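The next block holds one structure in the form of structure tokens; read it before the comments.
From a predicted model like this one, the values you see are computed outputs, not experimental measurements.
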Amino acid sequence: MPKRKRQPEEFDVGEFLRESDEDLKSALHSLLRDPGANRDITSDSKIAPEVNLIPEHNLALSAPDSSKIVSPPKLVESNLIPTTNLIRPSTIDPPIKLALPAELRKRQFAIREMKRYQDAHTRAEQHVYECLWDNASPHDDISRAITIGFGALAKVVGLSESNARINLRNLIAKLAVEEIAQYNCEQSVGRTYRIFCDTEIMRRRREAGLVWFMRRTLAVVFVDPATGQPLLKRKPLLKQEGALH
């Protein structure tokens, strides 16, 4: 059931004064006799603005717990400066070099047996041989002949005069070409060469023991199959061979 509102009780001032002590009675009597004495004491005094202070226990609760603070990860020095972990070149031991015999330090080339005459020719030597054969005249059943100087030969083969002369000398040393007449200075006639056919070249080389060859970087040489040593040695070019004729 709803509660009834309590009625205010009547307050008897006289009875309250009779039961109060002397100090309270005198204070109440003075207020009742002098109504002007009831002044607003807040009008003359200056009250500092209210400061909302946090209670001490609230401060303790609001302070962060140092044990729960997560500190940022420490950066590793090697991540900041990658080169600090590198080894200086001066601290690296030099590679060990093995002392090998001289014959093992040299590059080894395969030794092959000649099956065709052109096997023992370089590309330039074969080109010079074919140009001589095509421009030569029949000499006998196994060869052709041509009279030509180094200058004219260089134009025919499309090489410099020095390269044409070197390749021609190699063909002579390999028994593919033979010089049969020397240069005639009075008549200004060049040397005459005999160009052998393929079968005759193979026969001449077998008789001379030029069967095994080694194809090097820029040359093809006949060698001894047992030792790999070259069998043909180049002769120094004479000064007069460089003249145009």
Side-chain angles (χ1 to χ4, degrees), residues 106-245:
K106 295 181 180 179
R107 182 178 177 181
Q108 298 295 328
F109 296 93
I111 299 176
R112 300 180 176 89
E113 183 180 1
M114 180 184 59
K115 302 297 183 181
R116 304 175 303 167
Y117 80 97
Q118 59 264 37
D119 291 343
H121 292 174
T122 63
R123 183 178 300 180
E125 292 171 355
Q126 183 64 21
H127 175 67
V128 173
Y129 172 84
E130 292 176 354
C131 290
L132 289 174
W133 180 266
D134 294 339
N135 291 273
S137 301
H139 182 69
D140 51 26
D141 295 340
I142 59 174
S143 64
R144 294 183 179 184
I146 184 174
T147 301
I148 191 172
F150 293 129
L153 177 63
K155 295 180 181 180
V156 171
V157 300
L159 298 174
S160 64
E161 184 177 339
S162 59
N163 287 335
R165 182 173 65 251
I166 291 172
N167 286 282
L168 179 58
R169 288 179 60 85
N170 292 338
L171 292 173
I172 295 174
K174 294 178 179 180
L175 305 180
V177 178
E178 181 182 13
E179 183 179 340
I180 58 178
Q182 295 184 355
Y183 169 69
N184 191 337
C185 183
E186 296 178 357
Q187 299 179 5
S188 298
V189 178
R191 290 179 172 85
T192 302
Y193 302 96
R194 186 182 181 190
I195 317 301
F196 294 100
C197 64
D198 52 353
T199 56
E200 183 63 18
I201 293 174
M202 294 292 291
R203 186 192 66 81
R204 286 162 56 87
R205 289 176 178 175
R206 288 194 183 97
E207 290 182 355
L210 304 178
V211 180
W212 301 90
F213 69 95
M214 180 185 295
R215 186 174 293 274
R216 297 181 178 177
T217 305
L218 298 176
V220 179
V221 296
F222 287 102
V223 296
D224 185 353
T227 61
Q229 296 298 323
L231 298 177
L232 300 177
K233 295 183 179 180
R234 294 183 179 180
K235 298 179 181 179
L237 297 177
L238 301 178
K239 293 182 180 181
Q240 60 268 23
E241 292 183 355
L244 296 177
H245 48 264

Between R204 and L175, is there a donor-acceptor pair closer than 3.5 Å when you use the side chain of the first and the backbone of the second? yes
What residues, two or more places apart in sequence or in another chain, satisfy side-chain contact (heavy atoms from CB on, under 4.5 Å) together with A124? T122, N167
Closest non-hydrogen contact found for Y193 with I148 is CE1-O, 3.8 Å
Rounded to the nearest 0.5 Å, what separation is found between the CE atom of M202 and the CG atom of L210? 11.0 Å
Quick one: side chain to side chain donor-acceptor pair (under 3.5 Å) partners of E178, sequence neighbours excluded? none
How close do M114 and A120 get, heavy atom to heavy atom, and via which atoms? SD-CB, 4.4 Å
Quick test of your reading: applying salt bridge (Lys or Arg N to Asp or Glu O under 4.0 Å), list the pairs with at least one residue in residues 208-229, sequence neighbours left out, ordered by first then second residue. none
Between P138 and R144, the two heavy atoms sitting closest are CA-CG, 4.0 Å
State which residues pass side chain to side chain donor-acceptor pair (under 3.5 Å) with R112; sequence neighbours excluded, sorted by chain then number. none
For V223, what residues pass the side-chain contact (heavy atoms from CB on, under 4.5 Å) criterion, not counting sequence neighbours? I111, M214, V221
Please name all residues satisfying salt bridge (Lys or Arg N to Asp or Glu O under 4.0 Å) with R116, sequence neighbours left out, ordered by chain then number. D119
Residues passing the side-chain contact (heavy atoms from CB on, under 4.5 Å) test with A176, sequence neighbours excluded, are H121, Y129, L171, I201, R205
Those residues that, when tested against E207, pass side chain to side chain donor-acceptor pair (under 3.5 Å) (two or more places apart): R203
Sorted by chain and residue number, the salt bridge (Lys or Arg N to Asp or Glu O under 4.0 Å) partners of E130 (sequence neighbours excluded) come out as none
What are the two closest heavy atoms between H127 and V157, and how far apart are they? NE2-O, 2.8 Å
Sequence neighbours excluded - ring pair (Phe, Tyr, Trp, His ring centres under 6.0 Å) pairs with any residue from residues 195-222: none
Measuring from E125:CD to R169:CZ, what's the distance to the nearest 0.5 Å? 12.5 Å
Sequence neighbours excluded, which residues qualify as salt bridge (Lys or Arg N to Asp or Glu O under 4.0 Å) partners of D134? none
By side-chain contact (heavy atoms from CB on, under 4.5 Å), which residues pair with S160, not counting sequence neighbours? S162, N163
Roughly how far apart are I180 CD1 and I195 CD1, rounded to 0.5 Å? 9.0 Å
Supply the atom-to-atom distance R123 CZ to L218 CG, rounded to the nearest 0.5 angstrom. 11.5 Å
Looking only at heavy atoms, which two atoms of A164 and L159 are closest? And how far apart? N-CB, 4.3 Å
Donor-acceptor side-chain pairing of Y117 and E200 below 3.5 angstrom: no
Give, for atom CD1 of I146 and atom SG of C131, the distance between the pair rounded to the nearest 0.5 Å. 9.5 Å
